[in-house]
Amino acid sequence: MPPPRARARGGVALGVLGTLLLAFFVIVFMLGRHSHFTEVIENAIHDPRLGHHDEPITRGAPGAPVTGASDNASAAAGSFGRRDIGLNDAGAEKAAADKAAADKAAADKAAEESAVAKKAAAEKAAADQAAEKEDSPDDGGLSAIDLEYRPTKEMVQKISQDGYLVVTWANWHYNDFVMTWVYHVKECGITGYIVGAMDDRLLKSLIKKEINTFSMKSGLTTGDFGWGSKTFAKMGREKIRLIALFLRLDVNVVIADVDVLWLKNPLPYFDRYPEADVLTSSDHLTNTHDGDALELWPQAASAANIGIMLFRNGSLDFVDEWVDIIEKDEDVWDQNAFNDLFRRGVKVLENDPKHYFLAYNEKLKMGILPVALFCSGHTFFTQRMWKKLGLEPYAVHATFQFSGTPGKKHRMRESMLFDDPPEYFDHPVGFVSFAMDGIEQLLPNAGPRTGQMDLDNVRGHFDLVNHQLLRLRSALAVATVLGRALVVPELWCGLDRWWAPHAGTIPGSNFELPFQCPLDHVVDLEAWDRDLSVDAHGPKIAWRESSFFRNPRMPAHINGSRVTVEVCEAGEPGCADGGAPVAPSSGKVRIQPGLDSEALKKALSGLEGTKVVEFKTMDGAFGGFSRIADRERFYARLRTYASIWCCIHAHPGHVHYDMLFDVPHVDKFGRSWNGTWELGPGP
């Protein structure tokens, strides 16, 4: 043991001074520190009219490699002549030898990483298969593990953080959403969290991964709940009971759906409002001020969304009545019941500095969380309100979206926020990507034409989207022929999409048209993910989101293995006609326009081993299938791929997109088209 130090004079004064200095530097550090959100999401959003940037963001992620500059960048840096970099012949030979050794080391490392990823994928598949075999369907009874992991006051007090407990729940079907939720919670510094497991399979998995969990054996399905279904409604009842349960265990309850991503620790924000009994997120689509305070009431009196809520002990009577209402009538939706109940006897608090109002017969002090910080899917993904206001969101809830669970997952991936495993960032053959060209001249006329809810108002929008669907169809065909996964670029829309008539934007929202629209606005991602008969529909087409190559988890050896494909004039020197494989020159290959599937496959067969084949355009890149049977199978798959736009003021008011709109075909409703598409609603 070292001898004790001599006591310094003025120790108290110096200690106080040191504490103040430490506090000062901590504040400076925190103010200047980029959040988890800033490091990723701001880099995911860009205007394709300003050019492409596929370089990955160099931010680490647990269990994923940190990428540096791509191999292409290294090659470009080494492409200067010897004179330019001041090397003599001997130096150049040594540099060349060193480069060859470095290239071999990089190749060996890439092969090793690929082998590790394949092994991990095989182990995961085996573990999933073993777990599936081990688990028997829940019979509604409580097992020993359920009893061991029941929520108790001791458990909750041990986990809680500054008196708060952040809670979500799910079944095994949403395991990947759970892992994404937990990843973001930990990244934000939230330690006081817990996940309710609705079946034993998820419970065991979370226990094994040392994730805070408890059993909430529900007796519901282990599959997809299905929004709006009776199973979904029953799941909601479980959620409300959780709030009452944890309030009785003496914690402030922050309840968040599993499709909520925490981007910043919200607990300091909640501490700013200690008098609030309930704070809730909202479906309101316009901010009532430009700051970070609670929204103004009643200006933000749209439906409250119960996906993100804070409850303190003073709300317990309200929660008990809420539970009583939904248990008495299985047809009552929990969110509607919440809105109806708190609006009883609402009192506006004029000029309240914290924007509180009184609710539930003036028994509750409530507030509406700012819609730019606790975002809906619309304010985050569509309007990007946080960006316009220069704010950093605390959370995003994947609402106002289409295509069910695949649509939610895609939006999170597009923003590089989904916690995908390493194998997602590879593909046995590789990837094909393309630039979405030709939209610049269509954008100025893509917005509302008449400002009315009629067909003439949407013509420019459909001109823009149909152009992009043609390019996308060619890309899907190329991906099918080459056996590669397609990286889908950003799409642009002239009008927003909703579930009711509108003249361009959802009433109450405020953003500029045209806009970069989510993929689920245009295509049916549930159909894209569906396992269809290969005999009838051709091979399933793997695909990835537009931000895929910019994701910080993208391995450098994959992102850097690229060849560009250019479409050239037939007869030009070096313009391949598909009669033989073509070798890349300076990282490029050139092909004649209109090559059929066999010729295209042969021309690009020399690119085996190249991970990314990027087309500068899809205009003329594909001339059709060599075999009629292949074309018919491809068309059968594409019939289901497009979604709808909604809506004009008519019945029906929706208009279907059709990826085959310009060719003779029979659509998914059995209607025959001769290749001339007409804008019209229904069926």
(message) I want to check something: taking the side chain as every heavy atom from C-beta on, are P664 and N674 in contact at a cut-off of under 4.5 Å?
(response) no

(message) With a 4.5 Å cut-off on side-chain heavy atoms, are D176 and F418 touching?
(response) yes

(message) Take a 6.0 Å sphere around CD of E512 and say whether it holds more than 12 heavy atoms from other residues, nucleotides or ligands.
(response) no

(message) Does R590 form a side-chain hydrogen bond (donor to acceptor under 3.5 Å, both in side chains) with S585? I'd like the steps, not just the answer.
(response) CA-CA 9 Å; R590 302 172 73 235; S585 175; over 6 Å; no

(request) Examine H656 together with F669 and report whether their ring centres are nearer than 6.0 Å. (result) yes

(message) I'd like to know if R411 pairs up with D520 as an ion pair, taking the criterion as any Lys NZ or Arg NE/NH1/NH2 lying under 4.0 Å from an Asp or Glu carboxylate oxygen.
(response) yes

(request) Determine yes or no for a side-chain-to-main-chain donor-acceptor pair under 3.5 angstrom, with K611 supplying the side chain and D426 the backbone. (result) no

(request) Taking all non-hydrogen atoms of both residues into account, name the closest pair between R471 and M436 and its distance. (result) CB-SD, 3.7 Å

(message) For N510 and T286, which I'm curious about, is there any donor-acceptor pair between the side chains at under 3.5 Å?
(response) no

(message) What I want to find out is whether D658 reaches R639 closely enough, with some N-O distance under 4.0 Å, to be called a salt bridge.
(response) no

(message) Does the structure place the NZ or CZ of R562 under 6.0 Å from the centre of the six-membered ring of F549, at an angle of no more than 45° from the ring's axis?
(response) yes

(request) State whether the number of non-hydrogen atoms from other residues, nucleotides or ligands found under 6.0 Å of K668 atom NZ is greater than 12. (result) yes

(message) Can you see whether Y424 has R413 sitting over its ring - NZ or CZ less than 6.0 Å from the centre and within 45° of the normal?
(response) yes

(message) So, applying ring-ring contact (aromatic ring centres under 6.0 Å, His included) with Y657, which one of W645, Y641, W677, F462 is it?
(response) F462

(message) For a 4.5 angstrom cut-off between non-hydrogen side-chain atoms, does D257 reach W181?
(response) no

(request) Determine, for F548 and R544, whether the Lys NZ or Arg CZ falls below 6.0 Å from the six-membered ring centre while staying within 45 degrees of the axis. (result) yes

(message) Salt bridge check, K602 against D596: does any charged N sit closer than 4.0 Å to a carboxylate O?
(response) no

(request) If the plane angle is over 60° it's perpendicular, under 30° parallel, otherwise tilted; pick one for F515 and F511. (result) perpendicular

(request) Only counting residues at least two apart or in another chain, list the ones meeting ring pair (Phe, Tyr, Trp, His ring centres under 6.0 Å) with W498. (result) none

(request) Check the pair D531, K540 against salt bridge (charged side-chain N to carboxylate O under 4.0 Å, His left out), reporting the backbone distance first and the verdict last. (result) CA-CA 7 Å; D531 289 320; K540 188 173 183 178; 2.9 Å; yes

(message) Is it the case that the side chains of H284 and N305 hold a donor-acceptor pair, with the cut-off being a distance below 3.5 Å and no angle test?
(response) no

(request) Could you label the plane-to-plane angle of the H410 and W543 rings as parallel, tilted or perpendicular, counting under 30° as parallel and over 60° as perpendicular? (result) tilted

(message) Less than 4.5 Å apart, side chain to side chain, heavy atoms only: is that true for R671 and P683?
(response) yes

(message) Do Y635 and R631 have side chains that approach each other closer than 4.5 Å (heavy atoms only, starting at C-beta)?
(response) yes

(request) Mark yes when over 12 heavy atoms from residues, nucleotides or ligands other than E572 sit less than 6.0 Å from its CD; otherwise mark no. (result) yes

(request) Answer yes if the side chains of D454 and H649 hold a donor-acceptor pair under 3.5 Å, and no otherwise. (result) no

(request) Would you sort out whether S597 and S626 count as a side-chain hydrogen bond (donor to acceptor under 3.5 Å, both in side chains), showing the intermediate values? (result) CA-CA 6 Å; S597 57; S626 309; 2.9 Å; yes

(message) Check D456 with R449, please: is the shortest side-chain N to carboxylate O separation under 4.0 Å?
(response) no

(request) Check whether more than 12 heavy atoms from other residues, nucleotides or ligands sit under 6.0 Å from atom NZ of K616, and answer yes or no. (result) no

(request) Could you tell me which residues satisfy side-chain hydrogen bond (donor to acceptor under 3.5 Å, both in side chains) with H378, sequence neighbours excluded, listed by chain and number? (result) Q383, D496

